[in-house]
Amino acid sequence: MAVSGILMVLFLIAHMAGNLHIFEGRESMNDYAEGLRTFGEPLLPRESLLWVLRIGLIAAIGVHIASSIALTHRALHARPVRYVSRKPAKGESPHAAATMRWGAAVIVLFVIWHLLDLTFRTVNPVKEAPDAYGAVVATFAPERWPVTVFYLLALAALGFHLRHGIWSAVQTIAGPGLAWRRRWQAVALAVAVIIVAGFAIVPLAVSFGLVS
Ligand code: HEM
């Protein structure tokens, strides 16, 4: 769970950083998107790098979901009799596990919409959206503010999921004797905030007409 989660966090950081090319203009963003496709040419076929990343990402998602099912199963069998009182450990949220499941469902639905919107561009308002820049500007156009709100809500769910997920991964890797608990919790929060803010700034900038 921790390893697949970390791989996805790395993907998110790279994706978020790549998106920020939009502030350098159409050419820079499209060069970056095209660069991902032509990397290694002519030695390697077009989109080689992209397919390596895609297969890695799909595998990470599969492992992550399978691990979550296995862990839930294990937790249920470890304690078939319900606790009378379920006070969370100090600093932990009482609803963390349920929040993670709901958050995961929202993120999956968001990613399906997002792929239809910006990768396949079937639900993008510009049916023949010619480039990544054009597709992003079209989808977050000011009059389509509900789409921006939807993205922001999904990003909020992603943020909660990341915060708890990163903190859980640190505990898994460090084991029970983890020192600096509070500092690691702050690191998890900071990483989640940076990723969410880095993503959110794009739809917000387009929606408010700063990028067009
Ligand atoms: C709100 C901020 C976001 C923007 C503006 C954005 C933008 C884009 C764009 C333009 C593409 C298509 C790139 C291309 O075809 O050249 C894309 C693809 C993708 N995005 Fe996002 N994205 C955002 C957030 C996210 C989030 C939060 C996730 C994951 C939870 C995500 C996951 C993906 C995936 C999996 C792809 C497909 C990559 C591929 O196989 O080509 N994106 N995104």
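Order of listing sets the numbers, starting from 1, for every ligand and every atom in it. Quick caveat: nothing in here was measured; it's all calculated off a predicted structure.
- For atom 11 (C) of ligand 1, the choice among L118, I55, V108, D117 with the nearest heavy atom turns out to be L118.
- Ranking the protein heavy atoms by distance from atom 4 (C) of ligand 1 puts N19 ND2, 3.2 Å first.
- Among all non-hydrogen protein atoms, the one lying nearest atom 29 (C) of ligand 1 is L12 CD2, 3.6 Å.
- Using a 4.0 Å threshold on non-hydrogen atoms, atom 36 (C) of ligand 1 counts as touching the protein.
- Contact annotation: the side chain of L158 never approaches that of V106 to less than 4.5 Å [non-hydrogen atoms, C-beta and beyond].
- Distance from atom 1 (C) of ligand 1 to its nearest protein heavy atom, with residue and atom name: Y151 CD2, 3.4 Å.
- Not a single heavy atom of L36 sits closer than 4.0 Å to an atom of ligand 1.
- Within ligand 1, counting atoms from 1 as listed, the ones closer than 4.0 Å to a heavy atom of V111 are 29 (C), 30 (C).
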For R26 and D131, run side-chain contact (heavy atoms from CB on, under 4.5 Å): C-alpha distance rounded to whole Å, both residues' side-chain angles, the deciding distance at 0.1 Å, then the answer.
CA-CA 9 Å; R26 183 181 290 266; D131 54 0; 2.8 Å; yes

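- Other residues, nucleotides and ligands contribute more than 12 heavy atoms inside 6.0 Å of the CD atom of E34.
- Contact record, R101 with T72: NH2-CG2, 3.9 Å, taken as the closest heavy-atom pair.
- Under 4.0 angstrom from ligand 1, the non-hydrogen atoms of V136 all belong to its side chain.
- In this structure, of M16, H114, R121, the residue bringing a heavy atom nearest to atom 32 (C) of ligand 1 is H114.
- Scanning E34, H15, R37 for the heavy atom closest to atom 14 (C) of ligand 1 points to R37.
- Put simply, atom 17 (C) of ligand 1 has protein non-hydrogen atoms near it, under 4.0 Å away.
- For atom 26 (C) of ligand 1, the nearest protein heavy atom (residue, atom name, distance) is F110 CE2, 3.5 Å.
- Here is the list of ligand 1 atoms found below 4.0 Å of a heavy atom in L158: 27 (C).
- Across every non-hydrogen atom of M8 and L57, the tightest pair is CG-CD1, 4.2 Å.
- Aromatic ring orientation, H114 versus F110: parallel (interplanar angle below 30°, classes split at 30° and 60°).
- Atoms of ligand 1 lying under 4.0 Å from any heavy atom of L115, numbered from 1 in the order shown and given with element: 34 (C), 36 (C), 37 (C).
- At a threshold of 4.5 Å between non-hydrogen side-chain atoms, the residues Q171 and R181 count as touching.
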For the pair T38 and R46, evaluate side chain to side chain donor-acceptor pair (under 3.5 Å) and give the outcome as yes or no after the intermediate values.
CA-CA 5 Å; T38 54; R46 190 179 158 82; 5.7 Å; no

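- Considering only non-hydrogen protein atoms, atom 41 (O) of ligand 1 sits nearest to R54 NH2, 2.9 Å.
- Residues L162 and V191 are not in side-chain contact: their nearest non-hydrogen atoms beyond the backbone lie 4.5 Å or more apart.
- Residue F199 touches ligand 1 through backbone and side chain together, judged by heavy-atom distances below 4.0 Å.
- In the displayed structure, F39 atom CZ is contacted under 6.0 Å by at most 12 heavy atoms of other residues, nucleotides or ligands.
- For ligand 1, the atoms lying closer than 4.0 Å to a non-hydrogen atom of V202 are 5 (C).
- By the 4.0 Å heavy-atom criterion, M8 is excluded from the residues contacting ligand 1.
- In this structure, atom 38 (C) of ligand 1 lies nearest to the protein heavy atom T119 OG1, 4.5 Å.
- What you find for I194 and M16 is that their closest heavy atoms are O-CE, 3.9 Å.
- Contact atoms of ligand 1 toward A33: 16 (O) (distance under 4.0 Å to a heavy atom of the residue).
- Aromatic rings of F199 and Y151 (six-membered ring for Trp) have centroids beyond the 6.0 Å cut-off, not under it.
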